[in-house]
Amino acid sequence: MYWSKTLIPTMKETPEGAEIPSHVLMLRAGLVTQVMAGAYTYLPLGLRSLQKATAIVREEMNRAGAVELFMSAMCPISLYEQTNRVEAFGDVLVKASLPRGGKKVPIVFCPTHEEIVTDLVSRFVSSYRQLPLTLYQIQTKFRNEERPRFGVLRTSEFIMKDAYSFHTSLESLNETYKTMYDAYCRIFGRCSLPYLPVEAESGPIGGDASHEFMIPSPNGEDKVVHCGNCGYAANTEKAEIGGCGKDKPEKSDVLLKEIAELDTPGAHTVEQVCKFLKVKPVRLIKTLIYLADGKPVAVLVRGDHEANENKIRRSLKVQKLELADPDTIQRVTGAPVGFAGPVGMVEKIPIHADHAVLEVVNAVTGANKDEKHLVNVSPYRDFRPTSIDDLRNATDGDPCPRCCHKLKIRQAIEVGHVFKLGTKYSDSLNARFLDADETQKTIIMGCYGIGVNRIIAGLIETSYDESGIIWPVNLAPYEVVICPMKVADEKMMELAKTLHDDLEKRGIDCIVDDRDQRAGVKFKDADLIGFPLRIVLGEKGLAEGKIETKWRWEKDASMLDVAGAVETIAAMLDDERKNAKRFLNR
RNA sequence: CGGGGCGUGGCGCAGCCUGGUUUAGCGCGUCUGACUGGGGGUCAGAAGGUCGCAGGUUCAAAUCCUGUCGCCCCGACCA
């Protein structure tokens, strides 16, 4: 490719509104341009990187035995009604209606394809002999984001690789799950991403049934915990909290003070109470009133902790859990929202306490009276929980559930998710098969997603410097940029063309910066875009029969003899391509 | 959906508070010509804007008022 023949609108200045590195650099390097909030056009350079990523994904999925197909992006809404997901998705679902023969046909733009693929399989798969089967596609998905943000990291339209596996048994599902997990590791490894597989919320099957693939980054929207000692990693929502030394009896040297009631006008949040009483959140016990399958319960967590609704749901063995409405809270506690407390509560409703609550003595709690809090409340003396369990999100410094070392908490970008679905969709869409024992059984499913755009944005978030993007060879829009210093010099341009053609013949993606610009302009743009290898053709070098090569991540250039240069460059790139992980260690 | 900010040539901004000396300005980019030629060069000239949109106040609106649309950030939400 020649620079003058394509469209590369680089920018010196950062467009207004872009803040995080991937967004700023993708705009400045001319990879993408915004069409509206949450929707981007991929310009030629951005598309090339996206295609590099999809090619890797496709190769590894094929290698893992998955079969590619291409499903419709639109779908009659009725299919989503059958699985109850119109309600589940709510406003996230992008709906439309098509005028057909004077009638309106309601449709959705698919946010994911469980419905279509399960319907498909239910129609064409009827025997155990056809299973297992893994189908995948790479396609645009639509999810209306209430608030799109962070450039291409969170958009309403994005490219997803979604795979679905179909099985006769759990053993078969587990086998494919492992195969997919391994394929994901290879994919992200080849993309030079510092990925971290973490345990995630797993749905109905439980156990280790779900993993998210995370890229640790300060701009990630997810939080993961990671143990530097044993390698345990999990989403904070999922992470178990180690049992090391919990529920220990009260230290005898702590004096339990007399309980007292204080006026706390206007203080209904933890923050306000702390400010008013001049105590730290650790000294507070938060009392949350939930409706568990419709019945009110109190959940206690320490003031600095967050309740985890999934854990509560599991611990209480209930299906539906929601925070109680203000009326219910008033009725149950006798006070408005913000003044609930455990003292005297257990006579009315069950109290479920998180482990950490029991370690707080002389605590501050709500008094179950308007504008009043209690101080010096101590567990067991002043209230007795109905049950004690792990009910909160993990926080920095919590003990690891495997080895008791302190867990570290990090922000991360989710780029992939593997999930054991079970029979959720095959049940509601009636996807069944006839087994060897001549009985009808429901197909067991798994699903496996990758956000392809996030591979690109995630890579940039973890690989840039003050000059611009630093692409690994495997994802770079072009692997080599050739910069002739003087485009008026016919011999120099002739050499540029020869190098370009010879490299292209060897399958190396190569662009010639044939713009009549000064060296500075070409170098700044090359650095901004981040081509891995830069080849400079200069008068002095050519006089000695030499050209200059420089890796984007190295400070200094080196000289190469023109004779045999193509072979040397091809070998260097090949080496880089095969050692994608080495990129991370630089 | 709650809170905050911003809409002025392709991009980044100033002007607005205190309406008229502004034919709306600056930097970058673009075009023409010349000089230049290894880290965003210099000079000379040029093109390009109904100041987001609609209404109102006024002799007069980029500037004041009302409404509306769009974009960004924080939070809530997110299979």
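Chain letters run A, B, ... following the sequence lines, proteins first and then strands; every chain starts at 1. Every value quoted in this text rests on a predicted model; they were computed, and no experiment measured them.
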Engineer: Give the ring-plane orientation class for A:Phe419 versus A:His417, where under 30° counts as parallel, over 60° as perpendicular and anything between as tilted.
Structural biologist: perpendicular
Engineer: Between A:Arg147 and B:C72, does any side-chain N or O lie under 4.0 Å from OP1 or OP2?
Structural biologist: no
Engineer: NZ of A:Lys497: more than 12 outside heavy atoms within 6.0 angstrom?
Structural biologist: no
Engineer: Roughly, in whole Å, what's the span from CG in A:Leu27 to P in B:G10?
Structural biologist: 17 Å
Engineer: B:C72, OP1 or OP2 - any side-chain N/O from A:Gln34 closer than 4.0 Å?
Structural biologist: yes
Engineer: Measure up the A:Phe213 and A:Tyr195 rings against each other and bin them: parallel (under 30°), tilted (30 to 60°), perpendicular (over 60°).
Structural biologist: tilted
Engineer: Is the ring pair A:Tyr448/A:Tyr177 parallel, tilted or perpendicular, if the boundaries are 30 and 60 degrees?
Structural biologist: tilted
Engineer: Describe the nucleic acid contact of A:Tyr80 in one word from base, sugar-phosphate, nothing, applying a heavy-atom distance below 4.0 Å.
Structural biologist: nothing
Engineer: Just the rounded figure in Å: distance from P of B:G41 to CG of A:Asp516.
Structural biologist: 13 Å
Engineer: Does A:Lys522 put a side-chain nitrogen or oxygen below 4.0 Å from OP1 or OP2 of B:G38?
Structural biologist: no
Engineer: From B:C74, B:G12, B:U30, pick the nucleotide closest to the side chain of A:Gln517?
Structural biologist: B:U30
Engineer: Given the P atoms of B:G10 and B:C51, what is the spacing between them in whole Å?
Structural biologist: 13 Å
Engineer: Scan A:Ala88 against the nucleic acid and name what it touches under 4.0 Å (heavy atoms): base, sugar-phosphate only, or nothing.
Structural biologist: nothing
